[in-house]
Every structure is written in C-alpha cells, then in structure tokens.
Amino acid sequence: MARYNPKEIEPKWRTRWNEASAFKTSADRARPKYYVLEMFPYPSGRIHMGHVRNYAMGDVIARFKRARGHNVLHTMGWDAFGLPAENAAMQTGAHPGTWTYSNIDHMRRELQQIGLAIDWSREFATCDVGYYRWQQKLFLDFWNAGLVERRESYVNWDPVDMTVLANEQVIDGKGWRSGAVVERKKLSQWFLKITDKAEDLLAALDDGRLKGWPDNVRLMQRNWIGKSKGLRMKFRFAGDAKSPDGAGDVEVYTTRPDTLFGASFIAVAPDHPLASSFAAADKGARAFIAECQKAGTSQEAIDKAEKKGFRLPIEAEHPFIGGRRLPVYIANFILMGYGTGAIFGCPAHDERDFDFAKKYRLDIIPVVLPPSADPADVKIVDEPYIGPGALYNSDFLNGLAVDAAIEASIAKIEAMGRGEASTQFRLRDWGVSRQRFWGCPIPAIHCEKCGVQPVPEKDLPVELPEVDAAVFKTPGNPLDRMPEWRNVPCPACAGPARRETDTFDTFVDSSWYFERFATDPAGWAKGPVDKGDCDYWLPVDQYIGGIEHAILHLLYARFFTRAMKDVGHVSIDEPFANLFTQGMVTHATYQDAEGRWLLPDEVIIEGGTARRANDGAPVRIGPIEKMSKSKKNVVSPVDIIEKYGADAARWFILSDSPPERDVEWTDAGAAGAWKLVARIWETVEPYAGVVGACDLSAAPAKASADLRRATHATVAAVTEDIDHFRFNKAIARIYEFLNALKKAGDADGWAKAEALSALIRLIAPFTPHLAEECWEVLGGEGLVCNAPWPTVDPALLAKDEVVLPVQVNGKRRAEIVVAASADQKATEAAALGDADVRRHLEGLTIRKVVVVPGRIVNIVAS
RNA sequence: GCGGGCGUGGCGGAACCGGUAGACGCAACGGACUUAAAAUCCGUUGAGGGAAACCUCGUGUGGGUUCGAGUCCCACCGCCCGCACCA
C-alpha cells in the first residue's frame with residue numbers, strides 16, 4: 001500500500017484544477033447564483049492561521065454550493081493601501097509599492113497552497129491604478145450627489161511624525177510610534193455624509209433586511225448609530241445680556257425635557273462657540289479650556305476625570321419660571337460633537353449633573369416622584385433618581401408620567417417658539433482624509449480664486465507619483481513636498497492651484513471591493529462596476545470575517561452601497577445578506593526564566609512541563625492567547641502544510657471548535673488531522689475502481705441496510721451541518737461514518753461503493769486534494785470538485801425498531817426495543833412487561849404512565 | 001456604569017421543540033505487532049461503591065416549575081465581548 005504523500009498529491013491536483021479552469025466563474029445565469037466572500041487580506045507578506053481558518057470556511061461553503069448546483073462566485077484580492085508599507089519604506093528604504101506588490105506575490109503563493117476554489121482571474125489590489133481610479137470617480141459622483149463635505153475637525157496630531165493618528169494609534173495619549181504626546185489639532189478634512197443615511201442604516205438592522213446577520217453585530221451597530229429623540233431648545237441670557245460675540249442665547253439638547261423644572265445650570269463644551277467667545281478676553285476661561293484639551297482621551301482618563309466647570313459671567317433664564325436664573329458653565333464632560341454641545345443640568349435626575357451640582361453646590365430640585373413615594377419623604381442625597389415616576393414640583397406637568405411629560409414639555413416649548421423636537425445620532429460623519437502617501441489620492445484641487453474644485457473626470461486617474469524611497473525618511477506626507485506633483489492649473493480658471501495631498505482612509509478601499517469582484521474583468525476598464533453583473537451577483541450571499549470589523553468596515557460598506565445606489569451604480573442597499581463572524585486562532589504562550597517569549601518550535605513539552613529545546617532550560621507555560629508576533633505564540637501555516645499537508649491543516653482548523661468561537665491550535669490536534677487524512681486514504685485504497693465499476697443509479701442491492709442507513713443519515717446530517725456553519729459537527733459525523741464503515745466489513749460491494757462515493761464527496765469541501773486523489777482511485781467520474789453532492793433517500797433513514805429508555809419516577813431503569821410503529825398502548829405494555837422495570841416497581845402502585853412515542857417512557861409510582 | 005453572551009469529563013466540545021448527559025476528537029491507561037522505539041491496530045476511560053448484575057451522585061451555586069430540567073423561571077457567583085461622561 002502506497003503511503004499517502006500530500007507533498008506530491010496536493011500540488012498535482014492544484015495543477016489539474018488550473019488546467020481545467022475548474023473555478024473560473026461561470027457566465028451561466030440559469031443556475032441559482034451564490035456569492036461567498038471572505039474579508040480580503042492585507043498583504044502583510046505572510047499568511048497566518050487566522051487566514052487559513054477564514055478562507056477554509058469560505059472554501060467549504062464555496063465547494064459545497066458548487067456541488068449543490070449553484071453558480072458560485074468566489075474571489076480573492078488585496079486590501080493593499082495603508083500604513084505598514086510606509087513604515088517599511090521608512091525602515092528599509094523600499095518603495096511602498098514595491099514592498100506591497102512583492103508581498104502580494106509571496107502571499108498569493110502561500111494562499112494558493114491551501115487549495116482554495118477561487119477564481120484568480122478576478123484578483124486585484126486596491127492599490128492598482130485600475131481600481132483606485134474608479135474609486136476617485138465614485139467620490140466625484142458622491143460629491144455631485146451632495147454626499148461629500150469638507151469642513152474643519154479635530155484630529156489626533158503627532159507632532160514628531162507630523163501626521164494624523166487614528167484613535168487606536170493613540171496609546172495613553174501618546175503616538176504609538178513616536179511616543180510624543182498627541183495634540184488635538186483642527187484641520188480641514190473631507191467627510192462622507194454617512195449621517196444622511198443614519199436613519200436607514202438603523203432601520204435596516206431591524207426590518208428584516210439583515211436577518212442573516214448575528215444579533216450581536218446588529219446590536220453593536222445599533223449602539224454605534226445611537227439614535228435618541230429629544231428636544232433642542234434655546235435658553236435666553238438673563239437681562240438681555242450678550243456673549244462677547246453677540247449671542248443672546250444658547251441652544252441645548254436634551255432627551256429629558258420633562259425635567260426642565262429641575263434645571264439648575266447650563267453647561268457648554270470647552271470647544272463650544274460660547275466658550276471660545278468668552279475665552280478670547282478671559283485668561284481664566286482660556287486656561288480652563290486648555291486644561292480640558294490636554295486631558296487624555298483614553299477611556300481610563302475619562303473614567304477617572306473629575307467633573308469640572310468654569311463659571312461664565314452670564315446667566316440664563318428659565319423658560320417657564322420667571323425670575324429663576326441658571327448659572328452658565330464651561331464643563332469638561334460636555335461633548336461638542338453630540339447634540340448642540342450644550343445642556344441644561346438637572347442634578348436630581350442625572351448622574352453627571354448630580355456630580356457636578358454637588359461639587360459646585362448647585363440646587364438639586366427633584367421633579368420625578370418614584371412610584372408610590374410620598375413627596376414629603378423624597379430626598380436626593382447620595383444619588384440621583386433615574387427611574388420612572390410622576391412629575392411634581394413642575395407646574396403644568398404635575399401628575400404626568402415621564403413619557404407624557406416629555407411630550408407635553410416639547411409641545412409647550414414648540415408653542416413658545418423656543419425650540420423643537422429633534423432626533424440625534426451618535427454616529428458622526430465619516431472623516432476620510434489621511435495625511436498619507438500610500439493611499440488613493442482624493443481627486444480635488446485647491447484654487448485660491450475658485451476654492452476647492454473636483455478634478456475633472458477626463459483627468460482621472462490622479463495617480464500617485466513615482467518617488468524615491470528616500471522621501472519616507474522625512475516625517476510627514478511626501479506628497480506635500482512634491483511641487484511638481486502638487487502644483488497644477490485650476491480646472492476652472494486655469495490659474496495656479498494645488499492638488500489635495502490627503503489620501504483616502506483605507507476603509508474607503510474596502511467599501512466597494514465586493515462589487516468590483518462581481519464585475520466581469522472584461523468590464524473593469526469601463527467603470528467602477530458593471531450594474532448588470534452586480535444585479536446578478538449581489539448581494540453577497542455569505543460574508544465571512546472577523547468580529548473586529550463588526551462596526552466600522554461593515555457600516556462603511558453598508559453606507560457606500562447606499563451611496564452607489566443613489567448615483568446609479570448598483571440597485572441594492574444592503575451588500576451582505578448573511579454574515580458570519582469567525583473566532584480567533586489561539587495558542588499557548590511560552591516564556592523562559594528571563595521572561596522572553598519563545599516560539600512553540602523552541603519548546604519541548606513532556607508530561608505537562610516544558611523545557612527549552614536547545615538547552616533544556618525550564619519554560620513557563622502561559623495562558624492561551626490569540627496568536628501574535630509579540631508573544632511569539634505563532635505557528636506558521638506554511639510549516640504545517642509542509643509537515644502535514646494543506647488538507648490536514650484545513651481539517652483540523654475546522655474540526656475542533658464551533659466556527660464562531662476561538663480555536664486553540666495544538667500540535668496534537670494537527671497530528672490527529674493528519675492521521676485522519678491517512679486513514680481515509682487507507683480506507684479507500686483497497687477499493688480501487690469500485691465506484692467506477694458499480695452502477696450506483698441502478699437498483700440497489702437489498703442487503704446491508706445498516707451501512708446504507710449510515711450512509712444516507714450521514715449525508716443528511718453533514719448537509720444540514722454545513723448549511724448551518726457547524727463544521728465541527730459535520731466533521732464529527734464523518735468520523736462516525738468512518739467508524740461505521742470499518743465495522744461494516746461484510747456489507748455487500750454495492751453498498752460499500754455507495755458509501756465510499758458519498759464519503760469522498762462529503763469530505764471534498766474540507767480536504768479537496770485528498771478527495772480528488774481518492775475519487776480518481778475509486779474510478780469516480782471527472783473531478784470530484786465538479787461532482788454533484790450526494791442525495792439522501794429518506795426511506796432509508798427509517799428504522800424498523802427503536803430502543804426506548806424506560807424511567808421509573810424519572811430515573812432511567814431499563815431499555816426496551818419496540819417496533820418503530822408501536823402506538824402508546826403497545827409501548828406501555830412493553831415497558832410494563834420488562835423484567836428490570838418490574839423489579840423497580842415491586843411494592844409500588846403505578847399512578848401514571850407517560851409515553852412519548854419514539855422518545856421515552858416514564859412510569860410514576862409510589 | 002450600560003448592553004450582550006457564556007459556565008457540561010483531564011482538554012476542545014455534542015445533546016433537535018424539556019425526553020437515555022458526555023456524540024466525535026484529543027490526551028491518558030491497558031493490550032497486540034516490534035530486538036526496541038515510532039507509526040498502526042484492538043480495548044478502557046465522568047466520580048464513588050460493588051466480584052458481578054447493578055446502585056448512588058453528577059452539567060458554576062441556591063431555590064422553583066414539571067411525570068421528567070444541561071435545556072424553562074427567580075436569585076447569586078465567575079468568565080468573555082462591545083460601548084462608555086452621547087445629555
């Protein structure tokens with residue numbers, strides 16, 4: 001018997017698939033379509049186990065759907081712009097483009113070793129001019145449609161690297177690379193108006209359009225969008241006073257207008273215009289605002305920060321109570337980005353306002369009476385009251401419940417012309433400007449005379465200039481230092497002007513790549529996407545990726561698709577019909593006595609203790625964590641493929657844990673998967689030719705009912721499990737089937753041929769190379785990747801007899817065998833006639849017999 | 001703090017709609033083969049008791065509903081994830 005050798009067999013089948021163009025997307029639109037997509041990778045240069053898991057899952061689905069008769073779209077590309085390429089340029093002097101494309105080449109070779117059923121003819125990288133030029137076109141379309149805005153906004157500015165940092169690049173208030181204290185800086189930025197779509201992005205989460213999404217992701221998006229209903233209203237300054245810049249009032253936003261009678265102060269954000277207006281002539285205010293801006297933006301800093309305010313020399317009038325004047329503060333806990341950047345404080349019924357009022361000894365006036373409380377007893381001492389109740393101390397609102405009081409006060413304020421009902425969102429517009437070289441240039445030109453002008457479509461693409469890698473040694477965006485690229489004539493007046501040097505956030509690149517994949521490459525030069533192709537393929541039927549993209553990427557892509565619909569490129573608004581978020585790949589960590597992390601390869605484990613491989617020094621086994629370079633708890637997929645083959649790697653990574661949970665990579669598990677591969681081969685090899693020699697469509701032999709039942713039951717279960725993303729269970733069923741097959745040594749040849757033929761097609765999505773080799777040996781027709789999925793004969797699943805447990809007083813005491821068709825009476829009689837049951841009933845009186853046909857019998861006796 | 005999820009053998013996990021808890025895999029142990037080891041194959045494996053047939057206990061803890069609870073309800077404990085001064 002020839003030992004199975006994946007090193008020879010796996011490349012052989014990949015070559016055959018290529019020669020047969022087996023996975024080229026078919027133009028056949030008669031078959032039902034199925035678009036399976038995994039989040040495309042950043043081309044770091046090497047694949048990791050997370051990729052293997054992600055793409056193995058998608059590949060199982062893709063191969064399964066092909067076998068089930070679907071026209072499948074399954075593609076691969078590269079999310080290729082972004083910071084790491086510039087960092088590499090800084091460190092190694094390689095041009096970001098050179099570095100990126102060489103990584104892509106390397107990573108493609110590694111990915112292809114996994115044996116994915118992918119149509120590589122649709123591959124592209126987002127840094128291809130052929131891709132990003134159409135992104136520029138989309139941006140211009142959005143601009144025309146009013147979905148683009150340019151305005152000032154605060155950014156995290158790293159003064160050493162001279163660049164803007166994303167929030168996650170700010171660690172404890174310092175730049176992640178330079179370590180410099182990050183400043184808040186106001187810059188003109190480009191925004192996509194995602195808030196225009198907030199209402200629909202929210203509505204779709206609940207109206208069934210995203211019923212194929214996990215609840216937790218929908219919930220996270222709902223919270224992120226953060227809709228609230230309330231009131232916007234103006235507080236006039238008392239005594240006709242004005243702020244230094246002439247404002248006579250301040251507009252606040254509240255979701256609790258019912259508590260207006262409990263208002264005891266007004267607070268505005270440090271960057272509110274009113275604050276700036278006073279700060280211009282007030283050193284104290286200036287100092288206070290500066291202090292607020294310095295405070296860390298980290299969660300911890302916010303958590304610990306004490307509420308502080310700066311009293312402005314002005315007071316506001318209460319809208320309902322003549323003569324009540326409210327002090328006005330600048331307060332560090334008010335956010336300019338939400339509502340109007342100003343609030344009225346009601347300390348009795350809001351924790352933050354309560355803290356603030358305590359500190360500054362402001363009035364605490366209760367206005368909501370808890371249910372069945374006596375107004376005389378109610379005192380707000382240690383904490384505010386947030387719960388429901390009826391209004392009191394509140395004039396025309398007295399006696400109303402909170403909800404009714406909210407409505408009543410909004411109506412009153414509206415009638416007074418002092419404000420109006422208003423819906424607010426937490427979601428902000430999407431700032432897409434990045435002061436970076438390695439990204440898609442934003443197609444705009446700044447002219448001193450004409451202002452900001454779009455680049456005319458005929459001048460697209462705005463290509464990134466060829467640069468010497470040395471430019472990356474200087475901090476900042478090289479595009480700013482390239483007058484020959486930057487200086488261009490104004491498209492409107494032909495006068496001197498300069499290009500926009502910001503490039504797009506890379507989330508823009510990944511917001512429409514799936515629509516590009518759906519477009520036949522023959523149409524790639526004609527437009528961003530082909531609408532007809534998109535109408536056929538979209539939405540993506542199954543999207544698979546990490547939970548870390550639950551909010552940003554998925555929300556941006558949902559917005560982008562709506563925007564593309566607005567300007568006529570696609571017809572859908574939800575791009576992903578079904579979403580699956582897979583868990584991480586983890587591994588134990590190892591540290592030596594000095595605390596240095598060790599690679600799993602450097603460690604030998606025996607009997608629960610670990611030693612260093614080269615010198616036997618003791619090693620501490622640490623917790624199981626997500627594989628990461630920093631902790632060195634990584635296993636290279638390429639090494640595993642070298643050792644066990646891609647099929648074993650695919651099998652193991654799908655077998656151990658449910659796909660949505662984390663999976664722990666262990667060498668024992670990988671070795672176990674390899675054993676399975678070898679075992680299937682050894683099971684199949686003695687039967688060379690039987691499938692080809694046997695007419696499986698002919699009348700089946702009568703014998704071997706047990707094996708046939710096992711075959712058909714396994715096919716039914718595995719089909720169901722794959723359909724529901726339960727790969728671990730599908731694999732368990734296949735193991736059971738193998739065990740059954742082994743025990744069926746005396747089954748007849750026809751039934752065995754049927755069993756083997758089914759087995760190979762069931763494993764084909766998981767271990768495609770092994771399946772092809774087995775299929776060929778068995779004499780199956782063509783490639784197994786083109787073979788139809790095995791069918792189930794439901795008649796074979798039924799059993800003549802069933803084994804039923806019998807309980808006495810809820811405890812299992814015996815098993816009886818009855819005909820599957822036995823009715824309640826017959827089953828009860830069989831149970832009561834059983835010797836073990838009788839023994840347990842001795843001396844007892846039967847009170848009741850519960851018979852659940854096909855399930856259980858329970859005899860209640862006392 | 002708010003929101004969501006999860007607690008089952010030595011480990012990963014299974015258990016449809018409340019119906020034989022622990023499928024399947026890993027590890028461990030015993031045996032076969034071998035000069036030996038590896039690989040492979042056969043068997044055992046929730047805990048306790050018993051020579052055995054069997055019996056008792058057992059799904060984080062404490063209650064409850066039910067003929068019957070891992071599954072449903074209440075309270076508590078622990079862990080994980082998301083958001084976090086959003087007015």
Side-chain angles (χ1 to χ4, degrees), chain A residues 3 214-224 226-228 230-231 252-257 259 267 269 299-300 302-303 305-307 331-346 349-353 355-356 386 424-428 547-548 550-551 583 607-608 624 651-652 655-658 660-664 666-673 675-676 678-679 682 717 720 726 728-739 742 803-815 836 839 847-861:
Chain A
R3 199 173 156 79
D215 290 344
N216 63 334
V217 176
R218 292 211 313 257
L219 184 71
M220 280 157 76
Q221 293 217 347
R222 190 176 312 133
N223 292 340
W224 188 262
K227 179 177 177 173
S228 69
L231 169 72
V252 305
Y253 177 71
T254 180
T255 55
R256 292 296 302 274
T259 63
Q299 290 165 10
E300 232 183 317
I302 291 169
D303 238 11
E306 195 186 0
K307 294 197 176 21
N332 64 346
F333 65 99
I334 306 300
L335 305 172
M336 190 59 217
Y338 192 78
T340 60
I343 60 138
F344 77 79
C346 175
H349 303 293
D350 182 282
E351 267 177 52
R352 298 151 300 184
D353 299 347
D355 293 348
F356 192 79
I386 315 293
Q424 287 295 320
F425 292 92
R426 208 189 76 108
L427 180 71
R428 323 268 181 89
I547 186 76
E548 66 273 21
I551 295 175
I624 294 154
W651 182 267
F652 172 59
S655 69
D656 241 26
S657 296
E660 69 278 9
R661 270 194 237 175
D662 291 352
V663 63
E664 186 194 352
T666 61
D667 197 56
K675 258 172 28 184
L676 179 277
R679 193 174 142 198
E682 281 154 24
E720 166 110 359
R726 298 186 291 234
N728 57 322
K729 285 177 66 185
I731 283 174
R733 298 309 297 252
I734 291 171
Y735 272 110
E736 278 183 283
F737 185 40
L738 262 180
N739 293 340
K742 188 161 56 182
V803 178
L804 289 189
V806 181
Q807 297 181 335
V808 176
N809 288 330
K811 290 187 177 174
R812 191 178 71 92
R813 295 301 185 187
E815 278 181 353
D836 283 332
R839 189 163 51 80
R847 303 282 174 204
K848 187 174 173 185
V849 180
V850 181
V851 178
V852 184
R855 279 288 184 194
I856 204 167
V857 179
N858 190 12
I859 300 162
V860 187

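First the proteins, then the strands, lettered A, B, ... as listed; each starts at 1.
- Residue-level contact check: V860(A) touches the backbone only, with heavy atoms under 4.0 Å from sugar-phosphate atoms and none from bases.
- Among A87(B), G4(B), G82(B), the nucleotide with an atom closest to any side-chain atom of I334(A) is A87(B).
- Heavy-atom distances to RNA chain B give each of W224(A) and R839(A) a nearest nucleotide, and the one nearer the 5′ end belongs to R839(A).
- Distance NZ (K811(A)) to P (C54(B)): 16 Å, rounded to an integer number of Å.
- You won't find any donor-acceptor pair under 3.5 Å spanning the side chain of K729(A) and the base of C24(B), going by distance alone.
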*Does the side-chain contact (heavy atoms from CB on, under 4.5 Å) test come out yes or no for Q807(A) and I856(A), once each step is laid out?*
CA-CA 8 Å; Q807(A) 297 181 335; I856(A) 204 167; 3.5 Å; yes
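- Rounded to whole Å, atom P of C85(B) lies 17 Å from atom OH of Y253(A).
- At a threshold of 4.0 angstrom between heavy atoms, the contacts of L335(A) include nucleobase atoms, whether or not backbone atoms are also involved.
- Comparing G82(B) with G19(B), their P atoms are spaced 34 Å from each other, to the whole Å.
- Within 6.0 Å of CD in E548(A) there are more than 12 heavy atoms belonging to other residues, nucleotides or ligands.
- Here the side chains of D350(A) and I343(A) are not in contact, with every heavy-atom distance at 4.5 Å or above.
- Rounded to an integer number of Å, the gap from CG of D656(A) to C1' of C26(B) is 7 Å.
- Checking A23(B), C85(B), G13(B) against the side-chain heavy atoms of A732(A) singles out A23(B) as nearest.
- Residue R847(A) is out of contact with every strand shown, counting any heavy-atom pair closer than 4.0 Å.
- When the P atom is compared between G30(B) and A38(B), the two are found 12 Å apart, to the nearest whole Å.
- With its glycosidic angle within 90° of 0, G9(B) is assigned syn.
- The phosphate of C2(B) (OP1 or OP2) has no side-chain N or O of R222(A) nearer than 4.0 angstrom.
- Per the geometry, NZ belonging to K742(A) stands 12 Å off P belonging to U40(B), to the nearest Å.
- One atom, CG of N858(A), and another, P of G68(B), lie 8 Å apart when rounded to the nearest Å.
- Here the separation of C79(B) from G31(B), taken at their C1' atoms, is 42 Å to the nearest Å.
- The side chain of N728(A) approaches A14(B) more closely than any other nucleotide in the set A14(B), U20(B), A84(B).
- To the nearest whole angstrom, the two P atoms, one in U20(B) and one in G3(B), are 36 Å apart.
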*Dot-bracket notation for RNA chain B is requested: 5' to 3', Watson-Crick or G-U wobble pairs only, both distances under 3.5 Å, with ( ), [ ], | and . as defined.*
(((((((..(((......[....))).(((((.......))))).((((....))))..(((((..]....))))))))))))....
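- Residues passing the side-chain contact (heavy atoms from CB on, under 4.5 Å) test with D355(A), sequence neighbours excluded: K307(A).
- Counting non-hydrogen atoms under 4.0 angstrom, D353(A) reaches nothing in the nucleic acid.
- Remark: the separation of the P atoms in A69(B) and G1(B) is 35 Å, to the nearest Å.
- Contact annotation: the side chain of L676(A) never approaches that of F652(A) to less than 4.5 Å [non-hydrogen atoms, C-beta and beyond].
- No contact: E351(A) has no heavy atom under 4.0 Å from any strand.
- Comparing A14(B) with G22(B), their P atoms sit 15 Å apart, to the nearest whole Å.
- For V850(A), counting side-chain heavy atoms from C-beta on, the closest listed nucleotide (U56(B), C67(B), C83(B)) is C67(B).
- Across U44(B) and C26(B), the matching P atoms stand 16 Å from one another, rounded to whole Å.
- The N332(A) side chain lies nearest to C85(B) when the options are U20(B), A87(B), C85(B).
- Taking side-chain N and O atoms only, S228(A) has a distance below 4.0 Å to OP1 or OP2 of A87(B).
- With A87(B), C67(B), C54(B) as the choices, the nucleotide that has an atom nearest any side-chain atom of K848(A) turns out to be C67(B).
- Taking atom C1' on both nucleotides, G78(B) is separated from U59(B) by 16 Å, rounded to a whole Å.
- Here the side chain of Q807(A) is nearest to one of C26(B), G68(B), C85(B), namely G68(B).
- The side chain of R733(A) contributes no N or O atom lying less than 4.0 Å from OP1 or OP2 of A14(B).
- Between F344(A) atom CZ and C85(B) atom C1' the separation is 17 Å, expressed in whole Å.
- Between I859(A) and Q424(A), the residue anchored nearer the 5' end of RNA chain B, judged by the nucleotide with its closest heavy atom, is I859(A).
- Across C24(B), U20(B), A14(B), the shortest atom-to-atom separation from the side chain of R812(A) is found for U20(B).
- The phosphate of G25(B) has neither OP1 nor OP2 within less than 4.0 Å of any side-chain N or O from Y735(A).
- Between E682(A) and R679(A), none of the side-chain N atoms (NZ, or NE/NH1/NH2) sits under 4.0 Å from a carboxylate O, so this pair counts as no salt bridge.
- The side-chain heavy atoms of W651(A) and I734(A), taken from C-beta on, include a pair separated by under 4.5 Å.
- Residue D350(A) contributes atom CG, which lies 9 Å from atom P of A87(B) at whole-angstrom precision.
- At a threshold of 4.0 angstrom between heavy atoms, the contacts of N739(A) are confined to the sugar-phosphate backbone, with no base atom among them.
- N216(A) has no side-chain polar atom (N or O) that falls below the 4.0 Å cut-off from OP1 or OP2 of C81(B).
- In this structure C55(B) sits in the anti conformation; its chi angle is more than 90° from 0.
- Taking side-chain N and O atoms only, R813(A) has a distance below 4.0 Å to OP1 or OP2 of C55(B).
- In this structure, the nucleotide among G82(B), G13(B), C85(B) sitting nearest to the side chain of K307(A) is C85(B).
- Distance from the side chain of E736(A) is smallest for A23(B) among the nucleotides C41(B), G82(B), A23(B).
- Among the protein residues, T254(A) comes within range of the sugar-phosphate backbone only, with heavy atoms under 4.0 Å from sugar or phosphate atoms but none that close to a base.
- Rounding to whole angstrom units, NZ of residue K675(A) and C1' of U40(B) are separated by 9 Å.
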